[in-house]
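Accompanying notes for the structure given below.
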Amino acid sequence: MRTVAWLAAAPAGHGVPLGLWLLVVGALVVGGLASASPWLRRAHPHAWWALAGFPVAVARVLWTWRRLAEVQNLSVAKRSQLAVVNQVVVRGRALKLVKPKLSLPRWRLGGLEVVVRLHPGQVPEQYAAAAEAMVHAWRVFAVRAISEKRGFVVLRAQAWDPLAVPFVPQVRSAGRLSAVVGILETGVWWRVNLRETPHVLAVGATRSGKSTLIAALVAQLARQKVALVGIDLKGAMELGLFERRLTALASSRAEAGPLLDRLVEIMTGRMARCRAEGVRSVWELPRLLQPVPIVVFVDEVAELFLMASSAEKNEVAQCSTALLRIGQLGAALGVHLVVAGQRFGSDLGPGATAIRSQLAGRIAFRVLDKGTAEMVLGDTAPDAVDAVQAISADMPGTALVSDTSTGGFLRARTHVVTVEQARKVAEEYAHLAPGLDELWAAGGGAA
Ligand SMILES: Nc1ncnc2c1ncn2[C@@H]1O[C@H](COP(=O)(O)OP(=O)(O)OP(=O)(O)O)[C@@H](O)[C@H]1O
Ligand SMILES: [Mg+2]
């Protein structure tokens, strides 16, 4: 304020030197940014990152690199660490260490990245081990060390937890049988691709976000030429919102059994067509003969297996046999399963474990006990068992998903589809819902 008053009071005719002007304007901009920073960061994180966060982080990276590299043993001595003293060879730590060469930090949406040239003898794992120290030195949320090119490592810093910021995906189409359902901790879209992973199992405690994931998948796949079939054993309260876009919807086990049997019949028809054409899967058929893919959503799968009386045994057997057949044969015949439940283990009967082993795509939401975590991840990613129990209850929709590039697991969060959005999608794309009979004809069995 005082600076502004002084400027106003400057005698007329005596121009204020340009350097002073720039200094004052610069001071005002920096001062304004500093005071608006916490608000800007909360309300508009990307704008904050562009204006204040990124330049400050760049300065921190460059300023701390020498010290960081030394403390984390990433700097090496140029001269040999062996020396001859009084005719004795001694090994010591050279006084002058050379830090690894660092590129200028590059901008990334909500983060930055730098490329480091490895010293001979170094491996990327050494940088991954130092990532936690970089997080603190650079005051960012996370740093990942990625090695895409031999001899170099890319350090990718994320300014904030992308999972903590609500978002709406802007991707209209993610490719056939592929859907953007949320965001990964690396800041990129979380895609579920049923061509790559034909069957998916999502497990999590109550209110961990399973049905929200199914809604996000349905809302995206609804825009494609795909038949969507729902088995929602909580009275179809969730999938009922999409009813107009669904080819069939079962809300109880009694309805699910015949529906699943019908899907197995459709598969058998498709199989006959493939045999007649001499191909191994529907995807190898000529384009005109390719049937419409079918995605079957099963929410609260345990309800299919639980028996209160022996009279229900036949229903359970019917559902479990059909699900297993779809799991075994569906991938080649364009029939996919997306199964969600709180548990899906041997306590539900031997059928459950056999089906589970067919569901290779695993999504683990928050679980309450180690047994369930092992049930979902034990056979595919035993290392992630502890991480899934650490997911906090105040971030529903957060899950661990497999990372196809590294074979490891990543944290991810779904985006929420509101009731209005679900109804709107169902309405808008209702015309894309084929009837069950059309699927049969397209499968070639009745043709
Ligand atoms: N990604 C998300 N962001 C914010 N809120 C979410 C997210 N995912 C789910 N929720 C909220 O968490 C609550 C529980 O979600 P959801 O119904 O999907 O859980 P669920 O695992 O299906 O639970 P249940 O086993 O009881 O059916 C809902 O109120 C939902 O809006
Ligand atoms: Mg649910």
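Start at 1 and go down the list; that is how both ligands and their atoms are numbered.
Within the set Asp299, Thr212, Leu213, the minimum heavy-atom distance to atom 9 (C) of ligand 1 is found for Thr212. Comparing Met237, Arg366, Lys210 against atom 20 (P) of ligand 1, the shortest heavy-atom distance belongs to Lys210.
A salt bridge does not link Glu303 to Arg253: none of the charged nitrogens lies less than 4.0 Å from a carboxylate oxygen. The residues Arg262 and Asp437 are annotated as salt-bridged, a charged nitrogen and a carboxylate oxygen being separated by less than 4.0 angstrom.
In this structure, atom 13 (C) of ligand 1 lies nearest to the protein heavy atom Arg207 NH2, 3.5 Å. Protein heavy atom nearest atom 26 (O) of ligand 1, with residue, atom name and distance: Thr206 OG1, 2.6 Å. Of the protein's non-hydrogen atoms, the one nearest atom 27 (O) of ligand 1 is Lys234 NZ, 2.8 Å. Among protein heavy atoms, atom 1 (N) of ligand 1 sits closest to Thr414 O, 2.8 Å. In terms of protein heavy-atom proximity, atom 19 (O) of ligand 1 is nearest to Gly209 N, 3.1 Å. Ranking the protein heavy atoms by distance from atom 10 (N) of ligand 1 puts Pro396 CB, 3.7 Å first.
Every heavy atom of Met395 sits 4.0 Å or more from the atoms of ligand 1. Note on ligand 1: Ala205 sits in its first shell, one or more heavy atoms being nearer than 4.0 Å. At least one heavy atom of Ser208 lies less than 4.0 angstrom from ligand 1.
The cationic atom of Arg41 (NZ for Lys, CZ for Arg) does not lie both less than 6.0 Å from the six-membered ring centre of Trp160 and within 45° of the ring axis.
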* **Chi angles and distances behind the salt bridge (Lys or Arg N to Asp or Glu O under 4.0 Å) call for Lys234, Glu238** => CA-CA 8 Å; Lys234 260 194 178 170; Glu238 307 271 356; 5.9 Å; no
* **From CA spacing to verdict: side-chain contact (heavy atoms from CB on, under 4.5 Å), Leu329, Arg270** => CA-CA 11 Å; Leu329 304 170; Arg270 292 182 175 193; over 6 Å; no
* Go through the steps for Trp190 and Val401 under the test side-chain contact (heavy atoms from CB on, under 4.5 Å), then give the verdict. => CA-CA 9 Å; Trp190 168 17; Val401 296; 3.2 Å; yes
* To do: Check step by step if side-chain contact (heavy atoms from CB on, under 4.5 Å) holds for Ile294 and Thr247.
  => CA-CA 9 Å; Ile294 306 170; Thr247 293; over 6 Å; no
* To do: For the pair Cys274 and Met271, evaluate side-chain contact (heavy atoms from CB on, under 4.5 Å) and give the outcome as yes or no after the intermediate values.
  => CA-CA 5 Å; Cys274 286; Met271 210 186 302; 5.7 Å; no
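Every residue meeting the side chain to side chain contact (heavy atoms under 4.5 Å, CB included) condition with Met395, not counting sequence neighbours, appears here in chain and number order: Asp161, Leu163, Ala164, Ser392, Thr398, Arg411, Arg413. For Phe305, the ring pair (Phe, Tyr, Trp, His ring centres under 6.0 Å) test picks out Phe344, with sequence neighbours left out.
Taking the six-membered ring where the residue is Trp, Phe54 and Trp49 present perpendicular rings, their angle passing 60° and hence far from 30°.
Between Val416 and ligand 1, not a single N/O pair is under 3.5 Å apart. Here's the thing with His415: none of its N/O atoms is less than 3.5 angstrom from an N/O atom of ligand 1.
Take a cut-off of 2.8 Å around the Mg ion (ligand 2): the protein N, O or S atoms inside it are Ser211 OG.
Across every non-hydrogen atom of Val417 and Ala216, the tightest pair is CG2-CA, 3.7 Å. Here the shortest heavy-atom pairing between Glu312 and Leu306 reads OE1-O, 4.3 Å.
Sorted by first then second residue, the side-chain hydrogen bond (donor to acceptor under 3.5 Å, both in side chains) pairs that include residues 55-71, not counting sequence neighbours, are Thr64-Trp138.
Counting only heavy atoms, the protein gets under 4.0 Å from atom 16 (P) of ligand 1.
Interface of Glu300 with ligand 1, defined as ligand atoms under 4.0 Å from a residue heavy atom, comprises 24 (P), 25 (O), 27 (O). Numbered from 1 in the order shown, with element, the atoms of ligand 1 that lie under 4.0 Å from a heavy atom of Gln342 read 25 (O).
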